[in-house]
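All remarks here apply to the structure that follows.
It should be emphasised that the depicted structure is a prediction, and the values quoted were computed from it without experimental measurement. Each chain gets a letter, A, B and so on, in the order the sequences are listed, and its residues count up from 1.
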2 protein chains.
Amino acid sequence: MLSKKTKYGLKALSYLASQPDRQPVQIAEIAKAENISQKFLESILLTLRKNGFLGSRKGKGGGYYLIKDPADIPMTSVMRVLEGPIAMVPCVSLNFYEKCADCPDESRCSVNKLMLQVRDSALEVYRNNSLADIL
Amino acid sequence: MLSKKTKYGLKALSYLASQPDRQPVQIAEIAKAENISQKFLESILLTLRKNGFLGSRKGKGGGYYLIKDPADIPMTSVMRVLEGPIAMVPCVSLNFYEKCADCPDESRCSVNKLMLQVRDSALEVYRNNSLADIL
DNA sequence: ATAAACCCTATTGTTTTAGTAGATTTATAA
DNA sequence: TTATAAATCTACTAAAACAATAGGGTTTAT
C-alpha cells in the first residue's frame with residue numbers, strides 16, 4: 001500500500017506543477033484544495049524541500065513553489081524520497097540493497113527471482129513518468 | 001515492502017513445490033529449512049490451506065502438501081491471498097476497489113494515473129509467473 | 001500413546017498519521 | 001522605527017493500526 005505521505009506528496013507536487021506561475025503557494029491553500037491535514041502536509045512539504053524538489057519563502061506572501069520544471073522531475077526520485085525503496089525486498093533494491101539474513105543464496109531464492117521482475121517493471125513505469133506526465 | 005508473511009509463504013510454497021513427491025511435509029521441517037519462526041509459519045500455512053493451495057494431514061506422518069501442479073498456481077492468486085491487493089491504492093484495484101474519500105475525480109487524479117500503470121506492470125509480472133516459474 | 005495439525009489469545013514492537021505548542025522569519029502598515 | 005499579522009519551521013507527543021511473533025490448549029490420525 002502507498003502511504004498517505006506519498007499520496008499527499010504527489011498531490012501537492014501536482015498542485016504546484018499546475019499553477020500558472022511559480023509564485024509561492026501557502027500550505028493552507030494546498031491542504032484545502034486537496035483535502036489533506038494541514039499539519040501533516042507541512043512535514044511532507046518540508047521533506048520535499050530538503051530533498052531539492054521545492055523552494056519556500058517565509059513570512060507574509062510566503063509559501064512553497066517548484067524549483068524545477070515538472071518535466072525534469074522523474075517519478076523515480078519522488079517515490080524514493082517519499083515512499084522509500086522501490087523494490088519490495090531489500091535484496092533486490094538498487095539504492096537500498098541489503099542482504100537477507102535468512103537467505104543463504106540469492107540466486108536460488110524464489111522470492112528474489114520474482115521480486116526482481118516486479119522491481120524492474122515498476123522502475124520502468126517510474127522512469128517513463130515525470131511530474132509533467134501525470135498531470 | 002513485502003511483508004514477512006508473504007515472503008515466508010512464498011518460500012514455503014517453493015519448498016513444497018520442489019519436493020520429489022507430494023507426501024506431507026511437517027511445519028517444523030519447512031521452518032528449519034527456510035529459517036522461519038515455526039509458530040508464524042503455522043498460521044501462514046493455515047491460510048494457504050484455507051485458500052485452496054495446500055492440503056494437510058493431522059497426526060503422525062502428517063504435514064502439508066501442494067494440491068495442485070506448481071505450473072497451475074499463478075502468482076497473482078498467491079500474492080492476493082498473502083499480501084492483499086496488488087494495487088498500491090484502492091482506487092486502482094481490480095479485486096479490492098474502493099473510492100478515495102478525498103478525491104473528487106479519479107480520471108483527473110495524478111496519483112490514480114501513475115498507480116494505474118504501476119498496477120498493470122506488476123500484474124503482468126504476476127500473471128506471467130507460476131509457482132513453477134520461480135523455482 | 002504419540003505426533004502432528006489446529007485454534008485462540010495475548011504481547012511486543014514498529015510505523016503511520018497525525019495533533020499541540022511554540023519559535024522564527026518576513027512583509028506591511030501605523 | 002515599531003507593531004502586527006502572516007507564514008514557515010521545529011520539536012514533542014500520541015493514538016491507531018499493523019506486523020511478527022509466543023504460548024498453550026484441542027483435535028485427529030497413526
Inset, instruction - Could you identify which residues cluster with B:Y65, counting Ile, Leu, Val, Met, Phe, Trp and Tyr as linked when any side-chain heavy atoms lie under 4.5 Å apart, either directly or through a chain of such contacts? - result: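 B:Y65 clusters with B:I67.
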Inset, instruction - Please write out which residues are connected to A:M1 in a hydrophobic cluster, directly or through intermediates, given that two of Ile, Leu, Val, Met, Phe, Trp, Tyr count as joined at side-chain heavy-atom separations below 4.5 angstrom. - result: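 Its cluster mates, by chain and number: none.
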Inset, instruction - Please confirm whether the backbone N or O of A:S130 pairs with a side-chain atom of A:D133, one donor and one acceptor, at under 3.5 Å? - result: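 Between the backbone of A:S130 and the side chain of A:D133 there is a qualifying donor-acceptor contact (under 3.5 Å).
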Inset, instruction - Measure from the side-chain N and O atoms of B:K113 to the backbone N and O of A:L135, and report whether any donor-acceptor pair falls under 3.5 Å. - result: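 Side chain of B:K113 to backbone of A:L135: a pair is present.
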Mind checking what makes side-chain hydrogen bond (donor to acceptor under 3.5 Å, both in side chains) contact with [X], not counting sequence neighbours?
X	answer
A:S110	B:S14
B:R22	none
B:S56	none
B:N112	none

To the nearest Å, give me how far apart [atom1] ([X]) and [atom2] ([N]) are.
X	N	atom1	atom2	answer
B:L2	D:dC18	CG	P	17 Å
B:K4	C:dG13	NZ	C1'	12 Å
B:L54	C:dA5	CG	C1'	13 Å
A:K5	C:dT14	NZ	C1'	15 Å
B:R49	C:dA4	CZ	P	18 Å
B:L82	D:dA20	CG	P	12 Å
B:M88	C:dT16	CE	P	12 Å
A:Y65	D:dT8	OH	P	12 Å

Please determine whether a side-chain nitrogen or oxygen atom of [X] lies at a distance below 4.0 Å from atom OP1 or OP2 of [N].
X	N	answer
B:Y8	D:dA20	no
A:Y64	D:dA7	no
A:S56	D:dC9	yes

Legend entry - Residue pairs involving residues 4-35 of chain B (criterion ring-ring contact (aromatic ring centres under 6.0 Å, His included); sequence neighbours excluded):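 Residue pairs passing ring-ring contact (aromatic ring centres under 6.0 Å, His included), neighbours aside: B:Y8-B:F40.
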Inset, instruction - Any ring-ring contact (aromatic ring centres under 6.0 Å, His included) involving residues 112-135 of chain B? Give me the pairs, sequence neighbours left out, ordered by first then second residue. - result: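 Those involving residues 112-135 of chain B do not exist here.
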Inset, instruction - Measure from the side chain of B:I27, starting at C-beta and using heavy atoms only, and say which of C:dA5, C:dA18, D:dA7 lies closest. - result: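 Taking heavy atoms from C-beta onward, the closest nucleotide is C:dA5.
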If you restrict it to nitrogen or oxygen atoms, what contacts under 3.5 Å exist between nucleotides 27-30 of chain C and the protein, and what is each distance?
none

Inset, instruction - For A:K7, report the nucleic acid contact type (base, sugar-phosphate, nothing); a contact means any heavy atom under 4.0 Å. - result: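 Nothing, no nucleic acid heavy atom in range.
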Inset, instruction - Indicate, with a heavy-atom threshold strictly under 4.0 Å, whether B:L45 touches base, sugar-phosphate, or nothing. - result: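 Result for B:L45 = nothing.
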Inset, instruction - Taking only heavy atoms on the protein side, list every residue of residues 28-43 of chain A lying under 4.0 Å from any atom of DNA chain D, sorted numerically. - result: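 Of all residues in residues 28-43 of chain A, the ones placing a heavy atom under 4.0 Å from DNA chain D are A:K39, A:E42.
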Inset, instruction - Specify the residues of residues 92-105 of chain B, ordered by number, for which at least one heavy atom lies under 4.0 angstrom from an atom of DNA chain D. - result: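 Here the set is empty: none.
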Inset, instruction - Indicate whether the side chain of A:S93 and that of A:E98 have a donor and an acceptor atom separated by less than 3.5 Å. - result: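 Result is no, nothing qualifies.
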Inset, instruction - Please identify each residue that fulfils side chain to side chain contact (heavy atoms under 4.5 Å, CB included) with A:K99, with sequence neighbours left out. - result: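 A:K99: side chain to side chain contact (heavy atoms under 4.5 Å, CB included) contacts with A:Y97, A:E106.
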